[in-house]
Amino acid sequence: MFHVKRTLEEFDVIVVGGGHAGVEAALAAARLRKKTALVTLSLKSIARMSCNPSIGGLAKGHLVRELDALGGEMGRAIDQTGIQFKMLNRSKGRAVWSPRAQADKRRYAEYMQQTLLNTNNLHIIEGEGARLIFSMASVRGIYLKDGRQIFGKAVILTNGTFLNGLIHIGPIQIAAGRYGELPSVGLSDQLKAEGFVVKRLKTGTPSRVTHRSIDFSRMSPQYGDPDPEPFSFTTSAFHPKNIPCYLTYTHEKTHEIMRAALHRSPLYTGDIHGTGPRYCPSIEDKIVRFYDKPSHQLFLEPEWEGSEQWYVNGFSSSLPIDIQFKALRTVPGLENAEFIKPGYAIEYDYLPSYQLRHSLETKDISGLYFAGQINGTSGYEEAAVQGFMAAVNACRALDGQDPIIFSRSEAYIGVLIDDLITKETDEPYRMFTSLAEYRLILRADNTDHRLYPAAEKIGIQSQQMIEHFKSSVQEKDLIKQFFKTASCPKDSPLRLSPDRTERYDQLIKKHILRQEHLSAIHHTLFPEVQFHSLDQAFIEILYEGYIHRQEQMVTKMRLLEEKQIPEHFNYDTVKSLSNEGREKLKRFRPETLGQAGRIRGISPSDIQILLIYLT
C-alpha cells in the first residue's frame, strides 16, 4: 500500500524516464504547449550515454536526420557537442550513406539537461515511478515510490533497461538499471497483472580503461571527415573538432583465455535468460559464433574531450573481471591496460510491442504509451524517435486529432515502428538500411524534402525552417528541369563533353557529370541556390529509373495499406484461414491488410482470404 501525497499540479502528459526517449518525448510534448512532467531518478542522469559515446551510424544516422527535420533535438545536440564526424559508406550508393559522430558524453548530457530546464511548459520531477494509476481502461497518472501521486491525461513510459534490471559480471549479480543506479521495480509486475505480456532481453557494455595505460603507437588512428556534414539542418558554420579514435584487434591468445573461461560466463551457465542483440554480441559470444575468425576489431574511443576514460568498443562482456582483465591485456596497445569500469551484461523487462498501436499507444489502456527499450529496441537513436512520436501522438489524441503514422515508404521511423508492431521482438531490435525496402527513397540526405509536410502538420519545427525546406524543394525542381532541357556546351570550362553537345541529365546518367563536379556547377550556373538543392537534383536524376521503380512498388502496396481491418474483427468467423495465421492475427490485431501481411506466419493465401472477406 502507498501512502498517497497528491501533488498540487496535474499534467497533460507525464513522461517516465530521462533517457534519450524520455528527453525527446518531454521536449516534444512541452513544445506542443502541453503541460508536461518528466519523472526521472536524477536530473544529473538525464540523457546519459550509458553505453557507446556516439550518435548515428548505419541507418541510425537516417533516424537522427528524420528526427531533426520534424523538430527533435538530438541532431542539434550532437552538432554542438560532437568531437568527430564521419559519413559512413561513402564508397557505396547514396541510399546507404549515413552520418555518425563521436560525442563528448558529458557535454551532450549537459546540453540536453539545460535544454529541458529552459523549455516552457516542462516540469522535471526527481523520483521513481512505482505504479500507474488506472481508471477503467484508461491511465490517469502515476504513484512515485516516495508516495507522491501525479495525475495526467497521458503517460509515456520510457524506462530503458531499468525495469527489473539485473547486471551480470561473471557469477556476480547486481540489481541495477545501469552500473551504479538502482532498478525500477514494480511497474512491469503491475503491467503483467493488467494482462500485458512481459518478457526479458539482455544487452551489455564493454569495459572502460584509462588513457594513460593505452599504447596508441600500436594502434591505427581513425579520424573523422576533413569536411564533415552536420546532423541538423539548423546548424551553420560547422567546424567541429576531429579527435581520433584508435583501431586494434584481438588475436588467438585473447580468444584462448576467454574460451577457457566460458564455464564462468553467465551467458553459458544459464544465469542470463534474456536474449541478447544478434548484431552487437558480447566478445565471448563472438568467439563462439565466429570460431573461424582469428581476430575481431576493437575501437578505442574517448568518452569526452580530454577524457581519461576510454571506451573499448567491441569488447562487451559479462565474463568475470579477472578474465576480462587478462584477455584485454593480450590486445596490442592494451598490454598495460588499467580498468576504470568492467564490462557487464544487463537483463531487463520489456513489453513485446505487438501490444501497441502504430501511434505507440497501448491497445488495451487508453492514454498509455511506450517508447524506447521497453519496446525491445536497442540504441539511443531508435529510442529518441519513438519518444518523439509517442509524445506527438499523445498530444494529438488530447486535441482530438488523428495520430501521425509514417508508412514504410515515408520514413525510417515508419519502418522501425512498423517492424516493432508487426514482428515479434525476441532480441533487441536494431535499425539497418537493409530493413527498409524503399531505402533509395529514404536517403539520409533528403529527409527535409521528404518530411517537411509532416513537420508542418506536427507543429514543432520552426516556420522559418519549414519555409527553408520548401524553398529547397522548389530550387531542386527548377534545377532538375534545367538539367533535362539544357545542353552542356562543348566549350564548357568543365569540359564534360568535348566531342558533342549533350543534355546535362544525359551526362549525369552516363556518369560523365559526377559528384565532384557539383561545386563548379554550383559556382558557375546556380550561385544563388542552396548547394543542397543542387545535390538533390543531381541524385534524383542519377537514380531516376530506380526511384521510379520503387515509387511504382509503393503505389501497389498502398492499396493493401489502405484496406482497414476493424479493431475487434472476429477472425474465428473466417474458417479458411490457416491455424497459425488465425493465431497470429488474433495476437497482433493488425490495423490494415498491409500490416497483416508483414506478420511472420501469415501466408499470402491468408491475406487473399482476408481481402475477399473484408471486401
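This structure is a prediction, so every number in the text was calculated from the model and none was measured.
Between D445 and R94, the closest side-chain pair of non-hydrogen atoms falls below 4.5 Å. The shortest side-chain heavy-atom distance between T592 and E562 does not fall under the 4.5 Å cut-off. Using a 4.5 Å cut-off on side-chain heavy atoms (C-beta onward), I541 and K509 make contact. Side chains of F11 and T36 form no contact here, defined as non-hydrogen atoms less than 4.5 Å apart. Inter-residue side-chain proximity for Q355 and F370 is flagged as unmet; no heavy-atom pair is nearer than 4.5 Å. The closest side-chain heavy-atom distance from Y380 to S54 is not below 4.5 Å. Within the 4.5 Å cutoff, side-chain heavy atoms of I460 are placed close to those of L32. Within the 4.5 Å cutoff, no side-chain heavy atoms of E24 are placed close to those of V385.
Between E567 and R357 there is a salt bridge, with a side-chain nitrogen of the basic residue lying less than 4.0 Å from a carboxylate oxygen of the acidic one. For the pair D349 and R200, the salt-bridge criterion is met [side-chain N within less than 4.0 Å of a carboxylate O]. A salt bridge between K153 and D12 is present, with a side-chain N of the basic residue lying under 4.0 Å from a carboxylate O of the acidic one. With respect to R450 and E410, no salt bridge is recorded, no charged nitrogen being found less than 4.0 Å from a carboxylate O. A salt bridge does not link D285 to K202: none of the charged side-chain nitrogens sits closer than 4.0 Å to a carboxylate oxygen. Salt bridge present: E544 and K484 bring a charged side-chain N and a carboxylate O closer than 4.0 Å. The pair D606-R582 fails the salt-bridge criterion, with no side-chain N (NZ, NE, NH1 or NH2) lying under 4.0 Å from an Asp/Glu carboxylate O. Using a 4.0 Å cut-off between a side-chain N of Lys or Arg and a carboxylate O of Asp or Glu, E229 and R65 qualify as a salt bridge. Classification of D364 and R589 as a salt-bridged pair holds, one side-chain N sitting under 4.0 Å from a carboxylate O.
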For the pair M553 and E437, evaluate side chain to side chain contact (heavy atoms under 4.5 Å, CB included) and give the outcome as yes or no after the intermediate values.
CA-CA 10 Å; M553 292 171 59; E437 54 270 54; 5.6 Å; no
Which is it for E10 and K35 under the side chain to side chain contact (heavy atoms under 4.5 Å, CB included) test, yes or no, and what are the steps along the way?
CA-CA 8 Å; E10 297 187 11; K35 190 174 183 180; over 6 Å; no
Criterion side chain to side chain contact (heavy atoms under 4.5 Å, CB included) on E456 and F469, from CA distance to verdict
CA-CA 10 Å; E456 191 169 29; F469 296 159; over 6 Å; no
Between V23 and E73, does a side chain to side chain contact (heavy atoms under 4.5 Å, CB included) hold up when you go through it step by step?
CA-CA 9 Å; V23 165; E73 196 65 34; 5.6 Å; no
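Between Y412 and H62, the ring planes lie tilted relative to each other; the angle falls in the 30° to 60° range. Between H449 and H532, the ring planes are perpendicular. Angles over 60° get that label, and only those under 30° would be called parallel.
Side-chain polar atoms of S533 and E475 form a donor-acceptor pair below 3.5 angstrom. Side chains of Q536 and S472: no donor on one and acceptor on the other come within 3.5 Å. There is no side-chain donor-acceptor pair under 3.5 Å between Q190 and E194. In summary, the side chains of S188 and N164 do present a donor paired with an acceptor at a separation below 3.5 Å, with no hydrogens or angles considered. For the 3.5 Å distance criterion, the side chains of Q515 and R90 fail to qualify, holding no donor opposite an acceptor. S359 and N393 share no donor-acceptor pair across their side chains, judged by distance under 3.5 Å alone.
Here the rule is side chain to side chain contact (heavy atoms under 4.5 Å, CB included) with L191, and of L132, V197, I365 only L132 fits it. Each of L420, L368, N375 was checked for a side chain to side chain contact (heavy atoms under 4.5 Å, CB included) with L356, and the lone residue meeting it is N375. Results of the side chain to side chain contact (heavy atoms under 4.5 Å, CB included) test with F388 over L27, I458, I413 single out I458 as the only residue that passes.
Atom CD of Q463 sits in a crowded spot, with more than 12 heavy atoms from other residues, nucleotides or ligands closer than 6.0 Å. Environment of OH in Y546: sparse, with no more than 12 heavy atoms of neighbouring residues, nucleotides or ligands closer than 6.0 Å. Counting heavy-atom neighbours within 6.0 Å of N579 CG, excluding the residue itself, gives a total of 12 or less. Counting heavy atoms of neighbouring residues, nucleotides and ligands inside a 6.0 Å radius, atom CG of D572 exceeds 12 of them.
When atom types are taken as modelled, the side chain of T158 and the backbone of G17 share a donor-acceptor pair closer than 3.5 angstrom.
Atom CG in L440 sits 4.5 Å away from atom CD1 in I547 (nearest 0.5 Å).
In terms of the ring-ring contact (aromatic ring centres under 6.0 Å, His included) criterion, Y369 has no residue partners (sequence neighbours excluded).
Sorted by first then second residue, the ring pair (Phe, Tyr, Trp, His ring centres under 6.0 Å) pairs that include residues 555-595, not counting sequence neighbours, are Y354-F588, F569-Y571, F569-Y613.
For H468 and F233, the distance between ring centers is not under 6.0 angstrom.
Of all heavy-atom pairs between K423 and R598, the closest is NZ-O, 3.7 Å.
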